[in-house]
Chemist: 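Got a structure for you, written out below as C-alpha cells; questions coming shortly.
All values derive from a computational prediction rather than experimental measurement. Chain naming here is simple, since letters A, B, ... match the order of the sequence lines and numbering starts at 1 in each.
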Number of protein chains: 2
Amino acid sequence: MTKSTINPLTSWVEIPKNSDFTIYNLPFGVFKNKRLSPRIGIAIGDKIVDLAVLHDTGFFSDLSQLPADIFLRDSLNAFIALGKPVTRRVREKVQELLLADNEALRDHQIRGKAMVNRKEATMLLPVRIQDYTDFYSSIEHATNVGAMFRDPENALLPNWRHLPVGYHGRASSIVPSGTAIHRPKGQYKDPSMENPEFGPSRRMDFELELAFITGKATKLGDSISTAEAEEHIFGFVLFNDWSARDIQAWEYVPLGPFLGKNFGSSISPWVVTLEALEPSAWQVRFRIHPFCPTCSVRLLMALTSSWKFISNPRMLLRRRCAPLILNTCTGTLPSS
Amino acid sequence: MTKSTINPLTSWVEIPKNSDFTIYNLPFGVFKNKRLSPRIGIAIGDKIVDLAVLHDTGFFSDLSQLPADIFLRDSLNAFIALGKPVTRRVREKVQELLLADNEALRDHQIRGKAMVNRKEATMLLPVRIQDYTDFYSSIEHATNVGAMFRDPENALLPNWRHLPVGYHGRASSIVPSGTAIHRPKGQYKDPSMENPEFGPSRRMDFELELAFITGKATKLGDSISTAEAEEHIFGFVLFNDWSARDIQAWEYVPLGPFLGKNFGSSISPWVVTLEALEPSAWQVRFRIHPFCPTCSVRLLMALTSSWKFISNPRMLLRRRCAPLILNTCTGTLPSS
C-alpha cells in the first residue's frame, strides 16, 4: 500500500468523479438483487464485486482458510470471524485484481457476472449484531448534552476525562440506512407539566456517529489490551442514533437512555475497513450520504467539522470496549 | 388445569419430596449428555423428558405445526417463535402423558430412552438472547440503590412512579447458572481518592432478579398493548445480576450501569412457563437453588420475602417492554 503515496492507484473499473468508492476504499457489504440471493461484495465505483463469483472461479485459491460458501451469507459475521490476516488478504487480492494493468479479472470471461450494478442491488444490514455500545466519545457532545439535560455550569461530569463513558443500546433495532423509522411514542414531562403525558415524541433529533464493528470473539473474562485493539476492529460504518429528546429527558435518570433511543438506529450498509483508513491510504476521499435527506446540510457540516476526529481513528479505537461476540461500538461525532 | 384444585395431579414418575420439578411445573430447558447432542427437554422429578424422542415416536402427531427437528436445537428460540397456542399445547400434552393413570408413555417401549437422568445431563443456556433489558421494578430496590449511590433523602426519583425505568444490559455475557464469573477489573474512585484507580473490583454484589423471556417477534415500530403481554411472555428464569458496585458508582453517570454489570449475568437453565404460574396451578412449590452457594441464606431470605411480588406476576408482566426479537427482561426482587 505504501507505493500509493508515490504512484496513485488506478483501476480498469470506471470510477465516477466524486465517487465514495475508489480503489483505495473497497468497503465490504451484503447485497442481493432480483437474480442473486444475499451475498458479500466489495464496492468500487458504480459496481459491486461479487466475492462469491470470484471465490467460485478460484481467485482466492491461495487462501485455504476460506470456506466454499463464506461469501454466500446474509451477513459478514462468519467472514469477520476468520480474523484480520484472512479478511485483509481478501481485500488486498481484490484491490490487486482491480488495478488498471491487471488482466486476470479484467479480461476474464466471468467479468460480467462478477461485476454487479450497484443501482440494481438492495443493500442489507452488513452484520448480525449481538451487542451494541454507544460511547460518549466527543467532549463537545458530552458537554452539549450535559447542558441540555442537566446543569450548563457543570455540563461535563468528572468521570468523562478518565474513562470511556458508554451504555448498551438495543442491537435488534439497528437497521440499514433508508429503512423507515416510526416516530416513537412514550412519556414526556416538560418542566411546565405537573404530570407526565404519553404520546408521539415531539422532539425528534439525530446524532451522527462513527461506529466500529468488532467480530473476533473473546471469551467471557478475557481482556483486550489497547495494543491488540486493531486486530479486533474490522471496520467502520456511519451510525444515526435517532433520539427522542423529550422521552429521553424524562426516563434517563438514573439508568441511562432507553425508549428515547431504542426505537431505531440507522447504519450505512458499506463497512469501510480499518486498512482503508491506514495513513498511507488517506488519499481516500469520503463524501457522505446523509441518512436523512432533509438534514443533509447539517449532517455534512457536522461531518466536515469532524475531520480531525476521524483522522486519528486510533485514538478512538484505543478506548476500551467490553468483552464481545459481535459488537458495534459507536461514538457521537462533535457537531460544533 | 382447573381440576387440579379438586384432585391434585399425580404422576407415574417418582418425584422426590421437596423437588422443584412437580407435574405442575414442567419447565423447558436445553440439555445434552455424553450420548445426546443438544436438545430440548422438560424436567420432572429427577428426570428430563426428551421431547425429541417423544416427537420422533409420534406423540405430537396432532400438532402439525411442529417441524420434525424442532426439539433437536441448542436453544428454545425456534420453538418459542411458534407462539403460545403451540408451546402451551406441547406442555399440556407432556403433562397428560405423565399422569399416573396414562399408559401411553408409561408402558411404551421407548420410555427408557425418553426419560433422561437429570444428574447426567449438562444444562445449556436455554435461549439465544438477542437483547436484554433490566427493569428497576421493585420500589424497595430502587430506593435502596438511590440511597447507596445518590441522596438518601431523595432516593426514589420522580419518574419511577410513572414508567418502568430500565436499561439495556449486555446480552452476550448472560451465562447458565454455574458458569464461573471472573471478578471484573475497572476504574473506581472512593470519595477519599483524589483520582480514580484501576484494578479488580473490591465491592462485588449480586441482585436476585426474576427474568421473563419473550420470543414472539414484533416488527420495528409495532407496539404491544398490556392486554397482549401474555401472548409474548414464554416464561421465567431466575437471574443473578452480578454487580461491581465500586465500578458502577464511578461510571454510571449519566448513561447508566455498564462495565459494573456486563462482565457476566447468570440465569437458571429451566424456563418456568407462564402457564405454570396460572392461579389454578399455584400449588406448585418452588424451592430456590441459589446461584451462589455461599450466600444461599441471603438469597433464600430475599426470595421468601418476595412471595407477594411473585404471586402477582401479571402486575410485573404488564409493565411495558420495548419492541423485541428475543428478549429477556428482568427486574430486581425486593430484598427487604
Chemist: By a 4.5 Å heavy-atom criterion (distance strictly below it), what part of B:Val145 contacts chain A: side chain, backbone, both, or neither?
Modeler: neither

Chemist: So which heavy atom on B:Val253 is nearest to which on A:Asn159, and how close?
Modeler: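 Taking every non-hydrogen atom into account, O-ND2, 2.9 Å.
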
Chemist: Is the shortest heavy-atom distance from the side chain of A:Thr133 to the side chain of B:Phe258 under 4.5 Å?
Modeler: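 A side-chain contact exists here, since the closest heavy-atom pair is under 4.5 Å.
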
Chemist: Given 3.5 Å as the limit, does a donor-acceptor pair link the side chain of A:Gln130 with the main chain of B:Ile129, or not?
Modeler: yes

Chemist: Need one label for B:Arg183: side chain, backbone, both or neither, based on atoms under 4.5 Å from any heavy atom in chain A.
Modeler: neither

Chemist: Taking all non-hydrogen atoms of both residues into account, name the closest pair between B:Ser173 and A:Leu220 and its distance.
Modeler: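 Residues B:Ser173 and A:Leu220, closest heavy atoms: CB-CD1, 3.5 Å.
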
Chemist: Kindly compute the distance separating NE2 (B:His168) from OG (A:Ser172), expressed to the nearest 0.5 Å.
Modeler: 8.0 Å

Chemist: On the 0 to 90° scale, with breaks at 30° and 60°, tag the A:His162-B:Trp250 ring pair as parallel, tilted or perpendicular.
Modeler: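 The rings of A:His162 and B:Trp250 sit tilted, inter-plane angle from 30° to 60°.
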
Chemist: Do you know which of A:Gly169, A:Ala142, A:Gly166, A:Gly146 has the most heavy-atom pairs under 4.5 Å to chain B?
Modeler: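 Most pairs with chain B among the choices: A:Gly166.
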
Chemist: How long is the straight-line distance from CH2 of A:Trp160 back to CG of B:Leu255, given to the nearest 0.5 Å?
Modeler: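 Separation between the atoms: 12.0 Å.
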
Chemist: Decide if atom NZ of B:Lys32 counts as having more than 12 heavy atoms of other residues, nucleotides or ligands within a radius under 6.0 Å.
Modeler: no

Chemist: On a heavy-atom basis, which atom in B:Lys185 and which in A:Ser223 lie closest, and how many Å separate them?
Modeler: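 Shortest heavy-atom separation between B:Lys185 and A:Ser223 comes out as NZ-OG, 3.9 Å.
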
Chemist: Pick one of side chain, backbone, both or neither for B:Pro158, based on which atoms fall under 4.5 Å of a heavy atom in chain A.
Modeler: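 Contact with chain A involves both backbone and side-chain atoms of B:Pro158.
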
Chemist: Look at atom CZ of A:Arg202 and say whether more than 12 heavy atoms of other residues, nucleotides or ligands are closer to it than 6.0 Å.
Modeler: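 Result for CZ/A:Arg202: enclosed.
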
Chemist: How far does CG of B:Leu163 sit from CG of A:Leu259, to the nearest 0.5 angstrom?
Modeler: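 Going from CG on B:Leu163 over to CG on A:Leu259, the span is 8.0 Å.
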
Chemist: With the side chain counted from C-beta on, respond yes when B:Pro254 and A:Val165 share a heavy-atom pair under 4.5 Å apart, and no when they do not.
Modeler: yes

